Amino acid sequence: MCTVVPISLTVGANRIVPTVAIPYPLGNPQKTPAEEKELRRALVRRALRALETEVHGQVVFDK
Amino acid sequence: MSTEKFKVVHYLNQFYGGIGGEDKADYQPEERLGHVGPGQALQAALGERGEVVATVICGDSYFNENVETALSAILAMIAKHNPDIVVTGPAFNAGRYGVACGAVAKAVAENLKVPVVSGMYLENPGVEMYRKYAYIVETSNSAADMRKAMPKMAKLVIDLAAGLEVSPATHGYLLQGLRKNYFHSESGAKRAVSMLVSKMSGQPFTTEYPMPHFDRVAPNMPIADVRQAKIALVTSGGIVPKGNPDHIESSSASKYGKYDIAGITDLTVETFATAHGGYDPVYANQDADRVLPVDVLSEMAAQGEIGSLHRYFYTTVGNGTAVAKAVTFAKKIAQELLDDGVNAVILTST
């Protein structure tokens with residue numbers, strides 16, 4: 001899970017989930033704490049789905 | 001023998017030294033006068049200019065299991081002949097042999113102050129460990145390449161002995177990671193713009209700063225069901241218990257931390273913070289879950305959405321951290337995760 005996807009692609013990560021921002025990849029201080037946690041939950045769920053997905057090369061899970 | 005000939009000592013393992021195969025890998029260092037095995041091709045390429053005066057042979061297992069003893073014996077055998085150049089290998093992709101060739105190169109370079117020429121396949125671990133100490137000619141990964149490798153190594157030996165300028169581009173050796181300052185006739189700005197112009201017009205150009213070599217790993221098989229899986233968190237975002245008890249550096253980290261989060265359901269401003277010096281730490285310090293999602297994963301574990309959250313997380317600071325360092329961290333962390341029965345890892349980076 002990372003914000004700068006081109007770096008993850010360069011270093012060879014295979015399952016990549018794009019995140020929010022460099023200092024808060026899994027959050028957003030502009031949101032309320034409840035909204036922020038919901039956002040984080042959605043991103044982590046996407047990562048879990050990526051872990052359950054068969055890939056044959058680098059894949060960016062952008063939705 | 002003409003006194004003008006330069007002197008070469010050659011280092012070989014038990015196999016190339018004609019002692020035997022894996023069953024002789026515990027062979028102790030031994031010295032022979034003149035050339036042995038691949039040294040014949042080396043001598044042929046050197047012709048009248050130089051002479052392989054001696055060959056030192058040591059078993060790969062003996063070397064790697066008795067590094068200090070082996071090295072001091074080998075170094076003494078080499079030093080006795082007062083060589084102008086030392087040649088080790090080539091080792092191609094043989095790991096223990098490559099490490100031995102590199103370690104001998106290092107000892108020679110540091111103690112005898114004479115140049116060392118070797119030959120290895122790019123992925124031989126000896127390259128990464130010892131590239132600074134030897135001119136390592138890039139070979140293929142098989143001994144079938146001896147025919148091409150030895151003349152390249154010999155050319156380097158001849159030019160080094162003659163005191164000529166050598167470079168990776170002209171002599172085909174692997175970059176040593178050494179920086180040499182010199183004055184260029186054009187400024188950096190002008191060179192950068194001409195490179196850009198070449199690139200935009202589809203002309204060839206050569207970068208002055210190549211990217212490090214990143215390896216590629218085949219994707220792992222997916223996990224069948226996250227509801228049965230033990231999931232671990234690993235981060236390069238520098239999240240640590242508040243106070244950074246292991247003093248992980250804010251940049252160029254030399255270590256990683258492993259911290260117990262059993263029973264922790266939320267990272268708070270009082271308990272966790274970031275040690276990372278490469279991004280604004282305000283948001284991570286307010287709520288480290290923004291980098292390391294312990295809160296949602298522990299909730300998911302409690303509700304059965306994942307099997308469990310591993311009780312330890314691993315963390316380092318990915319800020320100017322050397323790739324080689326990161327690789328050593330990763331090897332240790334991955335092994336521990338496997339030993340602990342972890343099925344999948346979520347890696348977060350900032």
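Heavy atoms only: backbone and side chains are in, while hydrogens, waters and symmetry mates are out. These numbers come from a predicted model, not from an experiment. Residue numbering restarts at 1 for every chain, and letters A, B, ... go by the order of the sequence lines.
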Flag if over 12 foreign heavy atoms under 6.0 Å of [atom1], [X]:
| X | atom1 | answer |
| --- | --- | --- |
| Arg227(B) | CZ | no |
| Lys255(B) | NZ | yes |
| Leu122(B) | CG | yes |

Which answer fits [X], side chain, backbone, both or neither, if we ask what part of it has an atom under 4.5 Å from a heavy atom of chain A?
| X | result |
| --- | --- |
| Ala288(B) | neither |
| Val323(B) | neither |
| Ala229(B) | neither |
| Ile223(B) | both |

Indicate the atoms forming the closest heavy-atom contact of [X] with [Y], along with that distance.
| X | Y | answer |
| --- | --- | --- |
| Met1(A) | Ile346(B) | SD-CG2, 3.5 Å |
| Leu9(A) | Arg216(B) | O-NH2, 3.3 Å |
| Pro219(B) | Val55(A) | CB-CG2, 3.5 Å |

Among the listed options [options], the residue most often paired with chain B at heavy-atom distances under 4.5 Å:
| options | answer |
| --- | --- |
| Ser8(A), Gly57(A), Cys2(A), Pro23(A) | Pro23(A) |
| Thr53(A), Val17(A), Leu51(A), Val59(A) | Leu51(A) |
| Pro29(A), Gly27(A), Ala21(A), Pro33(A) | Pro29(A) |

Item to complete: Could you grab the distance from atom CG of Asp289(B) to atom CD of Glu36(A), nearest 0.5 Å is fine?
Response: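 Those atoms lie 9.0 Å apart.
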
Worksheet item: Rounded to the nearest 0.5 Å, how far does CZ of Arg41(A) lie from CG of Leu297(B)?
Response: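 Between Leu297(B) CG and Arg41(A) CZ, I get 10.0 Å after rounding to 0.5 Å.
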
Which pairs, with at least one residue in [range] and sequence neighbours excluded, count as a salt bridge (charged side-chain N to carboxylate O under 4.0 Å, His left out)?
| range | answer |
| --- | --- |
| residues 266-288 of chain B | Arg40(A)-Asp287(B) |
| residues 314-328 of chain B | none |
| residues 335-350 of chain B | Lys258(B)-Glu336(B) |

Fill in: Heavy-atom pair count under 4.5 Å with chain A, highest-scoring of Gln286(B), Glu299(B), Met221(B)
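Answer, by heavy-atom pair count under 4.5 Å with chain A: Glu299(B).
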
Worksheet item: Which of residues 43-50 of chain A have a heavy atom under 4.5 Å from any heavy atom of chain B?
Response: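 Interface residues of residues 43-50 of chain A: Val44(A), Arg45(A), Ala47(A), Leu48(A).
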
Worksheet item: Mind checking whether Pro25(A) and Val291(B) have side chains closer than 4.5 Å, heavy atoms only?
Response: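 They are in side-chain contact.
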
